[in-house]
Amino acid sequence: MRLYNSKPYAQKLFRARAGLVLLACAFLSALLAATPGSRAQQPANSNAAGQQQPKRAKRITPLRASDSAQGSRVTIISDGELNDYSAYRSGDRFIVVIPQAQGGGGEGARGRGFEGAQVSRRGNDLVYTFKLQPGASAKVSQKFNRLDVQFTAPKGSESAA
């Protein structure tokens, strides 16, 4: 004599175990995806040797110079972000270097605070050199794909534009 039907009980037990197995698989998958150095977090374009892909060269438009209240401003515009530039002063020259860039132009641009601009290449980099007027200073401000080189002319200097 049977007290209970074993078939429905076995089905319930099977479903409960299958649910636990699926839950455990989901948990382990999430755990593996969150582990540092796991294959899931590696970029899709990385290669096995760990070598980085060469960066695409930024395209730069010719210089645009305009007068401002304190001197003049030169604008450099790119088709990509310009947050990797460097700028420094060397004697009477102000130099702006844009890595991995091509194009440019605007040689001979002039304005209050600087006497002329030269554009040259240094390897894959684009180098802008501005000859400062005596007593002038320069600084760069960056906004995404644009660099503004602000020249402050000494008082009493005339426009060279």
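Only this structure's heavy atoms are used, side chains among them; waters, hydrogens and symmetry mates stay out.
- In this structure, a donor-acceptor pair under 3.5 Å is absent between the side chains of Q150 and S141.
- For D84 and K58, the salt-bridge test passes: some basic side-chain N is under 4.0 Å from an acidic carboxylate O.
- Closest approach of T61 and Y128 over heavy atoms only: O-OH, 4.2 Å.
- In this structure, CD on E81 lies 6.0 Å from CD on Q142, to the nearest 0.5 angstrom.
- In this structure, CZ in F114 is found 4.5 Å from OG in S72, a value given to the nearest 0.5 Å.
- Listed here is the closest heavy atom pair of R112 and S68: NH1-O, 3.5 Å.
- Contact check for V97 versus L126: no side-chain heavy atoms found under the 4.5 Å cut-off.
- Shortest non-hydrogen contact noted between R146 and L82 is N-CD1, 3.9 Å.
- F130 has its side chain out of reach of I95: every pair of non-hydrogen atoms, C-beta onward, lies at least 4.5 Å apart.
- Using a 4.5 Å cut-off between side-chain heavy atoms of Ile, Leu, Val, Met, Phe, Trp and Tyr, with links allowed through other members, V119 and Y85 fall into the same hydrophobic cluster.
- Counting non-hydrogen atoms of neighbouring residues, nucleotides and ligands closer than 6.0 angstrom, the CZ atom of R64 reaches no more than 12 such neighbours.
- Linking ILVMFWY residues whenever their side-chain heavy atoms come closer than 4.5 Å, directly or via other members, places V127 and Y88 in the same cluster.
- Counting only distance, with no hydrogens or angles, the side chain of R73 and the backbone of S66 share no donor-acceptor pair below 3.5 Å.
- Rounding to the nearest 0.5 angstrom, the gap separating the CD1 atom in I98 from the CG atom in D125 is 9.5 Å.
- Using a 4.5 Å heavy-atom threshold, the side chains of D79 and N145 count as separate.
- For the residue pair D148 and T75, a side-chain donor N or O sits within less than 3.5 Å of a side-chain acceptor on the partner.
- In this structure, the separation between CD on Q118 and OG1 on T129 is 6.0 Å, given to the nearest 0.5 Å.
- Looking at residues two or more places apart in sequence or on another chain, you find a side chain to side chain donor-acceptor pair (under 3.5 Å) between D92 and K131.
- The two atoms that bring A136 and A153 nearest to each other are CB-CA, 4.5 Å, heavy atoms only.
- In terms of heavy-atom proximity, Q133 sits nearest to P154 at OE1-CD, 4.4 Å.
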